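Since the model is a prediction, treat every value here as computed from it, not as a measurement.
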Amino acid sequence: MSGNFNFQTLEHENLGESVYARMSEALMKGRFAPDARLTIRDIAQSLGTSVTPVRDAILRLIQDEALVQKSAREVRVPLLTMERYKEIRQIRIKLEGLAARESALKAGPQDIARLRYLIERNERAIAAKDWSRALELNQVFHFALAEIADMVVLRGILNRLWLQMGPLIAEAYQAGGRIMIDHHYHVLEAIIAKDPDAAERAIVEDIGDAGKMIIEQVIMRRQNGAAD
């Protein structure tokens with residue numbers, strides 16, 4: 001009996017982690033829009049699971065500040081204020097700048113090939129106007145820097161920040177167009193040259209230029225909300 005109980009508990013934990021990971025990925029890649037209402041039953045149905053692991057994942061994401069609970073039955077993707085966005089952007093600039101610096105010092109040929117491949121695929125996605133795929137590749141590129149830098153703690157912090165930022169970045173990505181990828185080439189060039197200063201500068205410019213588009217989206221939504 002004890003063996004069966006332990007196995008079932010482990011299976012439930014693995015399922016809960018899997019659902020949390022899937023929902024986290026969806027948020028980071030902008031598959032949920034800002035202010036979108038999430039229904040536990042709908043998500044459970046789309047994932048082919050029961051409501052319990054979905055409910056558990058939503059509670060964890062509320063703790064991560066990636067979702068907000070408006071009432072007992074209403075959970076939404078938050079609408080970030082301008083102040084909140086600017087705070088997250090400032091933290092990202094510091095942390096992703098550090099990741100870029102370390103990547104320039106540690107990257108090997110395989111790492112460089114991986115970054116180049118991600119940029120090339122992103123180019124193809126943008127050319128095809130496959131914005132969902134382009135957005136996903138953008139997120140993978142940014143996280144790849146932390147992985148190449150071999151900074152596990154930093155990667156975890158970025159994960160939480162991107163949970164909150166993903167929907168906003170997605171909203172601005174198509175409007176940003178080439179702005180969202182051009183600096184990736186400069187990051188790659190700096191890493192190839194093993195120039196940590198240039199790598200940090202390039203990622204800071206990347207976040208800053210993309211931020212202009214995001215701020216426009218925040219302002220536009222605020223104006224539309226006031227009009228309504």
Novice: What verdict does the side chain to side chain contact (heavy atoms under 4.5 Å, CB included) test give for Val77 and Arg37, after you've listed the backbone C-alpha separation in whole Å, the side-chain angles of each residue and the deciding distance to 0.1 Å?
Specialist: CA-CA 7 Å; Val77 177; Arg37 182 176 181 178; over 6 Å; no

Novice: How long is the straight-line distance from CD1 of Ile91 back to CD1 of Ile207, given to the nearest 0.5 Å?
Specialist: 11.5 Å

Novice: Taking Ser18 for its side chain and Asn14 for its backbone only, find out whether a donor-acceptor pair lies under 3.5 Å.
Specialist: no

Novice: Let me see the working for Met213 and Tyr173 under side chain to side chain contact (heavy atoms under 4.5 Å, CB included), right down to the final yes or no.
Specialist: CA-CA 8 Å; Met213 304 303 302; Tyr173 201 88; over 6 Å; no

Novice: Between Val187 and Ile203, what is the shortest heavy-atom contact and its length?
Specialist: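 Smallest heavy-atom distance, with atoms named: CG2-N, 3.8 Å.
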
Novice: Tell me whether Met151 is reachable from Leu105 by hopping between hydrophobic residues (I, L, V, M, F, W, Y) whose side-chain heavy atoms are closer than 4.5 Å.
Specialist: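 No, it is not one cluster - the side chains of Leu105 and Met151 are not joined through contacts under 4.5 Å.
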
Novice: Any side-chain heavy-atom pair from Asp64 and Leu61 closer than 4.5 angstrom?
Specialist: yes

Novice: Answer yes or no: is there a side-chain heavy-atom contact under 4.5 Å between Asp56 and Val19?
Specialist: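 No, their side chains stay 4.5 Å or more apart.
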
Novice: Check the orientation of Phe141 and His184. Use parallel for under 30°, tilted for 30 to 60°, and perpendicular for over 60°.
Specialist: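 Judged by the thresholds at 30° and 60°, the geometry between Phe141 and His184 is parallel.
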
Novice: Heavy atoms only: give me the nearest Pro78-Ala66 pair and the separation to one decimal.
Specialist: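 Heavy atoms only, the tightest pair is CD-O, 3.0 Å.
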
Novice: Which atom pair, heavy atoms only, marks the closest approach of Lys194 to Ala107?
Specialist: NZ-O, 3.3 Å

Novice: Is the count of non-hydrogen atoms from other residues, nucleotides or ligands lying under 6.0 Å from Arg155 atom CZ greater than 12?
Specialist: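 More than 12 heavy atoms, drawn from other residues, nucleotides or ligands, come within 6.0 Å of this atom.
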
Novice: Which value, rounded to the nearest 0.5 Å, describes the distance between Leu135 atom CG and Gln139 atom CD?
Specialist: 8.0 Å

Novice: Has the side chain of Asp111 got a donor or acceptor atom that lies under 3.5 Å from a matching backbone atom of Gly108?
Specialist: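 It does hold such a pair.
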
Novice: Measuring from Gln110:CD to Leu115:CG, what's the distance to the nearest 0.5 Å?
Specialist: 12.0 Å

Novice: Check this for me: Gln90, atom CD, are more than 12 non-hydrogen atoms of other residues, nucleotides or ligands nearer than 6.0 Å?
Specialist: no

Novice: Specify the closest pair of heavy atoms between Ala33 and Pro167, including all atoms of both residues, with the distance to one decimal.
Specialist: C-CB, 4.3 Å

Novice: Which heavy atom of Ala149 sits nearest to which heavy atom of Ala99, and what is that distance?
Specialist: CB-O, 3.6 Å

Novice: Find out whether Asn122 and Asn138 are in side-chain contact, i.e. whether some heavy atom of one side chain is under 4.5 Å from a heavy atom of the other.
Specialist: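 Yes, their side chains come closer than 4.5 Å.
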
Novice: Just so I know, are the side chains of Gln164 and Tyr85 near enough to count as touching, which here means a heavy-atom distance under 4.5 Å?
Specialist: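 Sidechains of Tyr85 and Gln164: no contact.
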
Novice: For a quick test of reading the model, state the closest non-hydrogen atom pair linking Leu168 to Pro34 and the distance between them.
Specialist: N-CG, 4.3 Å

Novice: Test of understanding: clusters of I, L, V, M, F, W, Y form through side-chain heavy atoms closer than 4.5 Å, transitively. Do Phe143 and Tyr117 belong to the same one?
Specialist: no

Novice: Quick one: are Val204 and His183 in side-chain contact, heavy atoms under 4.5 Å?
Specialist: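 Of all side-chain heavy-atom pairs linking His183 with Val204, none is under 4.5 Å.
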
Novice: Count the heavy atoms of every other residue, nucleotide or ligand shown that sit under 6.0 Å from CD of Gln69, and state whether that count exceeds 12.
Specialist: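 Counting neighbours around CD of Gln69, more than 12 heavy atoms of other residues, nucleotides or ligands fall under 6.0 Å, so yes.
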
Novice: Output the distance between atom CG (Leu145) and atom CG (Leu95), rounded to the nearest 0.5 Å.
Specialist: 12.5 Å

Novice: Please report the interatomic distance CG(Leu154) to CD(Glu96), rounded to the nearest 0.5 Å.
Specialist: 8.0 Å

Novice: Honestly curious: do Val153 and Leu163 fall in one hydrophobic cluster under the side-chain, below-4.5 Å linking rule?
Specialist: yes

Novice: Under a 4.0 Å threshold between the charged nitrogen and the carboxylate oxygen, would Arg60 count as salt-bridged to Glu17?
Specialist: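 Salt bridge: yes.
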
Novice: State yes or no: do Val68 and Ile43 share one hydrophobic cluster built from I, L, V, M, F, W and Y residues joined by side-chain heavy-atom distances below 4.5 Å, directly or via other members?
Specialist: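 No, it is not one cluster - the side chains of Val68 and Ile43 are not joined through contacts under 4.5 Å.
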
Novice: Atom CG in Leu161, atom CE in Met28: separation rounded to 0.5 Å?
Specialist: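 Between atom CG of Leu161 and atom CE of Met28 there are 11.0 Å.
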
Novice: Can you find a pair of side-chain heavy atoms, one from Arg89 and one from Ile215, that are under 4.5 Å apart?
Specialist: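 In contact.
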
Novice: Can a donor-acceptor pair be found, under 3.5 Å and without considering hydrogens, that links the side chain of Arg76 to the backbone of Asp35?
Specialist: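 Flag set: sc Arg76 to bb Asp35 pair under 3.5 Å.
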
Novice: Evaluate the criterion side chain to side chain contact (heavy atoms under 4.5 Å, CB included) for residue pair Ile126 and Trp131; output intermediate values, then yes/no.
Specialist: CA-CA 6 Å; Ile126 290 173; Trp131 300 112; 4.1 Å; yes

Novice: Report yes if some heavy atom in the side chain of Ile192 is under 4.5 Å from a heavy atom in the side chain of Arg116; otherwise report no.
Specialist: yes

Novice: Among His186, Arg201, His142, exactly one meets side chain to side chain donor-acceptor pair (under 3.5 Å) together with Asp206. Which residue is that?
Specialist: His142

Novice: Tell me, yes or no, whether the heavy-atom count around Tyr185 atom OH, taken from other residues, nucleotides or ligands under 6.0 Å, exceeds 12.
Specialist: yes

Novice: Looking at Lys106, I'd like to know if its NZ atom is crowded, meaning that more than 12 non-hydrogen atoms belonging to other residues, nucleotides or ligands lie closer than 6.0 Å.
Specialist: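 It does: Lys106 NZ has more than 12 such atoms within range.
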
Novice: Can we say Asp209 and Lys212 salt-bridge, meaning some charged N sits less than 4.0 Å from an Asp/Glu carboxylate O?
Specialist: yes

Novice: Report yes if the side chains of Leu67 and Leu27 come closer than 4.5 Å at any heavy-atom pair, otherwise no.
Specialist: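 Counting from C-beta outward, Leu67 and Leu27 do come under 4.5 Å.
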
Novice: Salt-bridge test for Glu136 and Arg31: reply yes if a basic N is under 4.0 Å from a carboxylate O, no otherwise.
Specialist: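 Looking at Arg31 together with Glu136, the answer is yes, because their closest N to O distance falls below 4.0 Å.
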
